[in-house]
Every structure is written in C-alpha cells, then in structure tokens.
Amino acid sequence: MTVVNGVALVTGGGAGLGRACALVLGRRGARVAVHYQKSREGAEAVVAELKNSGVDAESFQGDLTRAADVTALVDGVLARFGAIDVLVNNAGDLIERKLILEMSEEFFHAVMDVNVTSAFLMSRAVGAGIYATAKGAIVSFTKALAKELAPHGIRVNCVSPGLIGDTAFHGRFTAPEAFQAATKGVLLGRAGTPDEVASVVAFLASADSSFLTGETIEINGGMNMR
C-alpha cells in the first residue's frame with residue numbers, strides 16, 4: 001500500500017469524492033485538514049472517523065471563491081499542522097445544469113468561481129502551479145461546448161502546443177538555456193514552429209476535419225511520450 005507522508009488539505013472534504021480522498025489519505029499515513037464551506041456536519045463526521053482510526057485531523061471552514069477566506073484557511077491549517085504537503089482541489093459545484101447558449105454572464109462567472117477560481121486561489125496560496133490549471137479548464141470546456149453545439153453542426157476542438165519556438169511566450173518566460181534543455185525531452189529532437197501549429201488550426205477549420213469534434217490535439221513532437 002502506498003504511504004502518504006505529511007499534511008493533506010482536502011477541499012470540499014465533507015462528502016463524496018472529497019470525503020473518500022480524506023479518508024484514504026488518512027489511512028495511508030497523512031495528517032488531514034478537511035475543508036468545508038457549508039457542510040460542517042459532514043466535515044466533522046469525516047474528522048471523527050479519521051480520529052477514531054488514529055489519524056490527526058481537523059476541519060476548517062471557508063468560501064474558496066474569496067481570497068480572504070482562502071488566506072485564512074491556509075493560515076489556519078499551517079498554524080494547526082505546520083505544513084501543507086498535499087493539496088486536493090476537490091471543491092466544486094455544477095450549481096445548475098444549463099445550456100451554454102442560455103447562460104448569463106453572472107451564471108458563467110459563478111460556475112467558474114466555484115470550480116476554477118477556487119482552485120486557482122487555493123493553488124496560489126499553497127504555492128502550486130496555476131498555468132496548467134487554466135489550460136485544463138479549456139480542455140474540459142472544449143468537450144462541453146462540442147457536445148452542446150454538435151446538434152447545430154458546429155464542431156469544437158482544441159489545440160495544445162508543446163515546446164514551440166519563436167514565440168513571445170518563451171521570450172518572456174523561458175531562459176534560452178532552459179528552452180534548449182527542454183528540446184531533449186521531445187521525441188523529434190527539436191522545438192516546433194508557429195507555422196506547424198497554424199497548419200493544424202487550418203486543418204481543424206477545414207472540411208478535412210469534418211468528423212472531428214471535442215478533441216484536443218497535442219502538437220508537441222512526442223514530448224509527453226518518453
């Protein structure tokens with residue numbers, strides 16, 4: 001059985017997948033901080049179950065769409081446990097099932113706040129990466145939009161470029177030596193070019209891709225295959 005050391009903070013840990021994560025992490029050796037927003041009873045039941053198994057655990061409340069609450073939550077966990085080694089961004093809610101074309105801007109932002117903004121604020125507070133989170137949201141959004149618009153004959157796809165040279169992105173965020181080192185992880189042995197990405201975009205915009213929707217095409221020269 002895999003052993004988990006350190007302190008695990010599970011958001012939305014009072015029920016469902018969050019509850020399961022909190023219990024399994026505790027059983028495998030972690031000390032567990034169980035977050036909740038409204039379901040205090042559920043969170044405290046999870047904490048009680050963990051403590052009955054000899055696990056050090058405590059519940060913490062907070063609205064994860066509010067930066068001040070997130071800061072207070074993280075500070076509280078650090079004060080109690082001294083560290084956060086594992087963050088499980090489980091908290092989220094569909095709020096209400098609506099078609100994308102029927103959503104108001106207010107509803108859209110509410111869904112994004114509870115599912116994406118909360119993960120961003122938690123990750124920022126704990127120190128994890130944010131860029132990948134945002135991109136993951138786009139991949140999921142692509143699938144949802146493709147499903148909804150398919151009956152209207154509209155296809156929705158996503159391109160996911162890997163290491164692409166001659167871009168402002170790497171000019172701003174990647175040192176030249178780091179960029180060269182990254183090429184060693186590409187099966188084709190080089191960085192891609194903007195034109196190679198544009199060619200795939202053009203393919204997706206053409207009738208040649210008429211039976212392709214809801215897909216994410218990774219343009220990375222085999223970077224993730226090693």
Side-chain angles (χ1 to χ4, degrees), residues 10-21 35-39 42 62-70 73 87-126 128-164 167-169 172-173 192 194-220 223-224:
V10 181
T11 66
L17 293 176
R19 176 182 180 276
C21 289
H35 158 267
Y36 70 95
Q37 179 176 346
K38 298 178 181 177
S39 57
D63 180 350
L64 302 188
T65 68
R66 298 168 55 88
D69 279 27
V70 169
L73 167 64
L87 170 62
V88 181
N89 273 321
N90 167 75
D93 190 3
L94 185 62
I95 300 181
E96 181 183 348
R97 190 176 294 279
K98 285 179 176 283
L99 294 176
I100 293 171
L101 298 182
E102 296 176 355
M103 290 183 183
S104 66
E105 289 184 28
E106 292 77 14
F107 181 82
F108 169 81
H109 287 299
V111 173
M112 292 298 289
D113 281 347
V114 75
N115 292 284
V116 180
T117 301
S118 63
F120 155 65
L121 291 174
M122 284 301 306
S123 297
R124 182 179 67 176
V126 175
I130 303 305
Y131 182 73
T133 300
K135 292 305 183 184
I138 294 300
V139 171
S140 296
F141 182 67
T142 295
K143 291 182 180 298
L145 197 57
K147 183 176 181 180
E148 185 168 318
L149 296 182
H152 303 283
I154 299 173
R155 297 180 294 107
V156 184
N157 294 289
C158 176
V159 296
S160 177
L163 190 70
I164 307 298
T167 62
F169 177 91
R172 293 172 59 199
F173 300 112
D195 281 349
E196 287 174 317
V197 176
S199 295
V200 176
V201 172
F203 162 70
L204 292 173
S206 75
D208 288 342
S209 63
S210 58
F211 202 54
L212 194 66
T213 194
E215 295 296 326
T216 296
I217 299 180
E218 296 185 359
I219 310 169
N220 57 29
M223 192 171 195
N224 296 329

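Remember, it's a predicted structure, so these values are computed and weren't measured experimentally.
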Notebook entry, point to check: Can you list the residues that meet the side-chain contact (heavy atoms from CB on, under 4.5 Å) rule with Asp195, with sequence neighbours excluded?
Noted result: Thr193
Item checked: Under the side-chain contact (heavy atoms from CB on, under 4.5 Å) test, residues paired with Ser210 that sit two or more places apart -> none
Checklist line | Partner of Ser160 by side-chain contact (heavy atoms from CB on, under 4.5 Å), out of Val197, Thr216, Ile217 | finding: Thr216
Notebook entry, point to check: Can you list every salt bridge (Lys or Arg N to Asp or Glu O under 4.0 Å) pair that touches residues 148-160, not counting sequence neighbours?
Noted result: none
Checklist line | Backbone N/O of Thr11 and side chain of Asn90: donor-acceptor pair under 3.5 Å | finding: yes
Notebook entry, point to check: Would a distance-only check, ignoring hydrogens and angles, find a side-chain to backbone donor-acceptor pair under 3.5 Å from Asn157 to Glu215?
Noted result: yes
Checklist line | Considering all heavy atoms, the nearest Ile100-Phe141 contact | finding: CD1-CE1, 4.2 Å
Margin query: My understanding is that only residues two or more places apart in sequence, or in another chain, count here; which of them pass side-chain contact (heavy atoms from CB on, under 4.5 Å) with Ala198?
Written below: none
Checklist line | Euclidean distance, Leu99 CG relative to Lys147 NZ, rounded to 0.5 Å | finding: 11.0 Å
Item checked: With sequence neighbours excluded, residues passing side-chain hydrogen bond (donor to acceptor under 3.5 Å, both in side chains) with Asp63 -> Thr65
Check: From Cys21 SG over to Asn89 CG, what is the distance, rounded to the nearest 0.5 angstrom?
Finding: 11.0 Å
Notebook entry, point to check: Which residues pass the salt bridge (charged side-chain N to carboxylate O under 4.0 Å, His left out) test with Asp93, sequence neighbours left out?
Noted result: none
Note to self: Holding to salt bridge (charged side-chain N to carboxylate O under 4.0 Å, His left out), I want the full list of residues that pass it with Lys98, two or more places apart in sequence or in another chain.
What the structure shows: Glu96
Next item on the list: Identify the two heavy atoms, one from Cys158 and one from Ile138, that lie closest to each other, and give their separation to 0.1 Å.
Entry: SG-CG2, 4.3 Å
Next item on the list: Mark yes or no for whether His35, through its side chain, and Gly12, through its backbone, hold a donor-acceptor pair below 3.5 Å.
Entry: yes
Next item on the list: Please tell me if the side chains of Thr167 and Pro194 come closer than 4.5 Å, counting only heavy atoms from C-beta onward.
Entry: yes
Next item on the list: Provide the full list of side-chain hydrogen bond (donor to acceptor under 3.5 Å, both in side chains) pairs with a residue in residues 107-118, sequence neighbours left out, each pair given once.
Entry: Asp113-Thr117
Notebook entry, point to check: Quick one: CZ on Phe120 to CE on Met112, what's the gap to the nearest 0.5 Å?
Noted result: 12.0 Å
Item checked: salt bridge (charged side-chain N to carboxylate O under 4.0 Å, His left out) involving Glu196 - partner list, sequence neighbours excluded -> Arg190
Check: Between CG of Leu163 and CG of Asn220, what distance do you get to the nearest 0.5 Å?
Finding: 9.5 Å
Check: Who are the side-chain contact (heavy atoms from CB on, under 4.5 Å) partners of Ala146, not counting sequence neighbours?
Finding: Val156, Thr213
Item checked: Closest heavy-atom pair and its distance - Ala205, Ser209 -> N-OG, 4.4 Å
Check: Residues in ring-ring contact (aromatic ring centres under 6.0 Å, His included) with Phe173, at least two apart?
Finding: Phe169
Item checked: Closest approach of Phe107 to Ile95 (non-hydrogen atoms, all atoms of both residues) -> CE1-CG2, 3.8 Å
Next item on the list: Apply salt bridge (charged side-chain N to carboxylate O under 4.0 Å, His left out) to Glu102 and list each qualifying residue two or more places apart in sequence or on a separate chain.
Entry: none
Check: Between Val70 and Arg124, is a side chain to side chain contact (heavy atoms under 4.5 Å, CB included) present by the stated rule, with each step listed?
Finding: CA-CA 10 Å; Val70 169; Arg124 182 179 67 176; over 6 Å; no
Next item on the list: Count the heavy atoms belonging to other residues, nucleotides or ligands that lie under 6.0 Å from CD1 of Ile154, then report whether that count exceeds 12.
Entry: yes
